[in-house]
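Chain letters run A, B, ... following the sequence lines, proteins first, then strands; residues in each count from 1.
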There are 2 protein chains.
Amino acid sequence: MPLPDVVVNRSSPVPLYFQVAEQLERAIFEGKLAPGDRIANEVALAGDLGLSRPTMRQAIQLLVDKGMLVRKRGVGTQVVHPPIKRTVELTSLYDDLKRGGRQAETQVLDQQLVEADEVAASRLKVAEGSSVWKLDRLRTVDGEPLALMRNFVPAAISDLSHVDFTTTGLYEHFRAGGIHLRVAHQTISARRAETAEARLLGGRKGDPVLTMERTSFDDSGRAVEYGTHLYRPDLYAYETTLVDR
Amino acid sequence: MPLPDVVVNRSSPVPLYFQVAEQLERAIFEGKLAPGDRIANEVALAGDLGLSRPTMRQAIQLLVDKGMLVRKRGVGTQVVHPPIKRTVELTSLYDDLKRGGRQAETQVLDQQLVEADEVAASRLKVAEGSSVWKLDRLRTVDGEPLALMRNFVPAAISDLSHVDFTTTGLYEHFRAGGIHLRVAHQTISARRAETAEARLLGGRKGDPVLTMERTSFDDSGRAVEYGTHLYRPDLYAYETTLVDR
DNA sequence: CAGTGGTCTAGACCACAGT
DNA sequence: CTGTGGTCTAGACCACTGT
């Protein structure tokens with residue numbers, strides 16, 4: 001009974017466990033599976049779909065890690081989450097906004113090669129004084145200033161000299177260059193806006209701003225980007241789903 | 001060569017994959033494995049330890065999910081992270097501070113049964129007007145006010161009437177009662193402090209405060225707790241490690 | 001007790017990266 | 001080409017939950 005209509009396509013290049021996870025996820029978002037509903041046990045599901053149990057487990061585990069399902073030994077697997085927004089992923093704000101369908105614009109305030117100061121050098125694990133690109137951008141959504149972003153990228157990682165960041169996100173540029181971001185470390189806090197910051201963000205000096213500091217690493221473990229961003233807290237909030245493993 | 005001295009104890013109740021992951025993690029934290037180092041391939045590691053490859057993979061995957069290792073097909077597995085702080089886990093601030101060894105104190109400002117308002121009811125998925133515990137606490141560290149926390153717990157979930165929250169954390173109380181938190185959804189932003197809030201946090205009206213709103217679910221998928229917390233941004237920052245899967 | 005997820009094995013074939 | 005991780009199978013036994 002608790003068997004959603006899942007079908008797998010064995011000639012597809014998409015992994016079987018991923019196909020299953022995708023369809024279960026859609027069923028949850030569409031409300032076919034409501035929070036509290038129990039799904040069939042792993043062995044039965046695997047049998048029905050003609051999959052091995054480890055493959056079925058992998059599909060379920062993906063959704064458990066996303067916080068959509070919970071498993072309890074001896075009991076079963078249940079749907080937890082209401083159809084909330086998607087999980088926080090390793091993407092830039094620009095990508096987020098584009099998918100949200102809102103009218104996002106970017107203004108490049110500064111884009112030049114500079115010598116890394118002590119902080120940027122330590123975060124990027126390069127020598128102090130070495131060449132890094134500095135990129136200052138102002139992001140607006142529907143005409144309202146939303147974020148003021150400063151990023152540093154080691155010159156050895158990528159050449160940003162001829163990139164137009166009014167139309168291309170930083171992460172998008174990395175992907176296009178074959179650089180795959182895998183891990184990011186973030187620190188989020190708040191403070192008062194300085195005069196210049198407030199002017200750019202369309203507020204007044206002393207207004208509260210949400211601050212985010214981030215260092216991203218690629219799949220070779222190299223530090224690729226270090227950024228300090230300011231967000232207008234009336235327009236932006238950071239959402240996360242934490243899962244206890 | 002890139003084989004850290006890992007040993008497994010097959011008579012231990014601790015899962016083999018967990019034993020391996022623990023020892024690799026310790027090797028990274030102790031600097032025996034530095035960022036950029038490559039570890040041996042999965043098949044070799046599994047063979048050396050007398051484990052099957054899936055078990056070895058599970059161990060490595062655990063550390064990949066923590067953001068400590070990155071894998072690249074055709075290349076190998078490398079250490080990414082500097083020995084930064086532990087990953088954000090599903091714990092309360094109180095637990096965090098206790099482990100940090102700082103002098104944390106809690107003052108209970110209010111602890112009573114109330115009728116759920118619209119927001120609390122919707123977050124906790126209970127009927128508006130139903131009985132929920134309301135708990136207001138002020139957290140200080142080394143004598144400085146750090147956080148002002150308001151939490152709601154459905155009366156049906158737990159009876160908080162005789163709990164002394166000056167000595168017990170909310171999550172600690174849940175664990176003791178056999179309630180296991182599994183998933184939490186958080187929203188973080190910032191705003192200006194109100195007069196009363198500022199007074200309690202030792203600041204002035206209009207000071208910026210970091211805000212966190214959280215709903216936690218247990219392993220049965222029940223909403224167990226809804227909280228709105230205020231933090232002093234000069235004393236507290238929220239750290240996360242994101243991993244692209 | 002029966003039913004569930006948690007762990008583990010010993011293989012297999014494939015896709016991709018670098019030489 | 002070789003070496004690596006990515007996926008998948010078809011079983012097995014154990015630990016925990018609820019009746």
Side-chain angles (χ1 to χ4, degrees), chain A residues 1-3 8-22 37-65 69-80 178-180 182 218-222 244-245, chain B residues 1-3 8-22 37-65 69-80 178-180 182 218-221 243-245:
Chain A
M1 184 251 291
L3 305 169
V8 296
N9 172 6
R10 300 197 86 102
S11 56
S12 161
V14 178
L16 299 176
Y17 76 89
F18 195 84
Q19 293 183 34
V20 175
E22 245 181 346
D37 281 1
R38 268 190 29 200
I39 66 176
N41 70 67
E42 300 177 349
V43 181
L45 277 175
D48 286 354
L49 295 175
L51 302 174
S52 68
R53 187 182 161 204
T55 300
M56 194 63 222
R57 262 186 81 77
Q58 199 176 354
I60 293 175
Q61 188 60 47
L62 204 65
L63 299 185
V64 169
D65 286 343
L69 299 177
V70 279
R71 289 200 276 208
K72 200 156 51 161
R73 172 152 40 179
V75 178
T77 303
Q78 290 176 301
V79 179
V80 230
I179 296 174
H180 303 104
R182 278 291 174 80
D218 74 356
D219 51 13
S220 302
R222 299 182 301 179
D244 191 14
R245 314 169 184 222
Chain B
M1 183 251 289
L3 306 169
V8 296
N9 173 8
R10 301 198 83 102
S11 55
S12 162
V14 178
L16 299 176
Y17 77 90
F18 195 85
Q19 293 183 34
V20 174
E22 245 181 346
D37 282 1
R38 272 196 20 206
I39 66 176
N41 70 67
E42 301 176 350
V43 181
L45 276 175
D48 286 354
L49 295 174
L51 301 174
S52 67
R53 187 182 161 204
T55 301
M56 193 63 221
R57 261 187 82 76
Q58 200 176 355
I60 293 174
Q61 189 59 47
L62 205 65
L63 299 185
V64 169
D65 286 343
L69 299 177
V70 278
R71 289 199 276 207
K72 199 156 51 162
R73 174 156 33 181
V75 179
T77 304
Q78 290 176 301
V79 178
V80 231
I179 297 173
H180 304 105
R182 278 289 174 80
D218 74 355
D219 51 13
S220 301
V243 179
D244 191 14
R245 317 171 182 219

Are the side chains of [X] and [Y] in touch, meaning some heavy atoms are under 4.5 Å apart?
{"X": "B:R71", "Y": "B:R57", "value": "yes"}
{"X": "B:N9", "Y": "B:Q19", "value": "yes"}
{"X": "B:D218", "Y": "B:H180", "value": "no"}
{"X": "A:D37", "Y": "A:Q78", "value": "no"}
{"X": "B:I60", "Y": "B:E42", "value": "yes"}
{"X": "A:I39", "Y": "A:L45", "value": "yes"}
{"X": "A:V70", "Y": "A:T77", "value": "no"}

Expressed as a whole number of angstroms, how long is the span from [X]:[atom1] to [N]:[atom2]?
{"X": "B:L45", "N": "C:dC8", "atom1": "CG", "atom2": "P", "answer": "16 Å"}
{"X": "B:D219", "N": "C:dG5", "atom1": "CG", "atom2": "C1'", "answer": "12 Å"}
{"X": "B:L51", "N": "C:dA10", "atom1": "CG", "atom2": "P", "answer": "10 Å"}
{"X": "B:L69", "N": "D:dG5", "atom1": "CG", "atom2": "C1'", "answer": "13 Å"}
{"X": "B:R10", "N": "D:dC13", "atom1": "CZ", "atom2": "P", "answer": "15 Å"}
{"X": "B:L62", "N": "C:dT7", "atom1": "CG", "atom2": "C1'", "answer": "14 Å"}
{"X": "B:E42", "N": "C:dA10", "atom1": "CD", "atom2": "C1'", "answer": "15 Å"}
{"X": "B:N9", "N": "C:dT7", "atom1": "CG", "atom2": "C1'", "answer": "16 Å"}

The answer to which of A:P54 and A:G76 contacts DNA chain C further toward the 5' end, by nearest nucleotide, is A:G76
Give a yes/no on whether any side-chain N or O of [X] is located under 4.0 angstrom from OP1 or OP2 of [N].
{"X": "A:Y17", "N": "D:dT7", "value": "yes"}
{"X": "B:R57", "N": "D:dG6", "value": "yes"}
{"X": "A:T55", "N": "D:dT9", "value": "yes"}
{"X": "B:R71", "N": "C:dC16", "value": "no"}
{"X": "B:R53", "N": "C:dT9", "value": "no"}
{"X": "A:T77", "N": "C:dT4", "value": "no"}
{"X": "A:N41", "N": "C:dT4", "value": "yes"}
{"X": "B:S52", "N": "C:dG11", "value": "no"}

Closest heavy-atom pair, A:R222 versus A:I179, reported as atoms and distance to 0.1 Å, is NH2-CG1, 4.4 Å
Show each protein N/O and nucleotides 16-19 of chain D N/O combination with a separation under 3.5 Å, one pair to a line.
unit_1: D:dT17; atom_1: O4'; unit_2: A:R73; atom_2: O; d: 3.4

For residues 10-20 of chain B, the salt bridge (Lys or Arg N to Asp or Glu O under 4.0 Å) pairs (sequence neighbours left out) are none
I'd like to know whether A:V20 forms a side-chain contact (heavy atoms from CB on, under 4.5 Å) with A:M56, so could you lay out the CA-CA distance, the side-chain angles of the two residues, the decisive distance to 0.1 Å, and finally the verdict.
CA-CA 8 Å; A:V20 175; A:M56 194 63 222; 3.6 Å; yes
For DNA chain D, the expected dot-bracket line (Watson-Crick or G-U under 3.5 Å, [ ] crossing, | inter-strand) is ||||||||||||||||||.
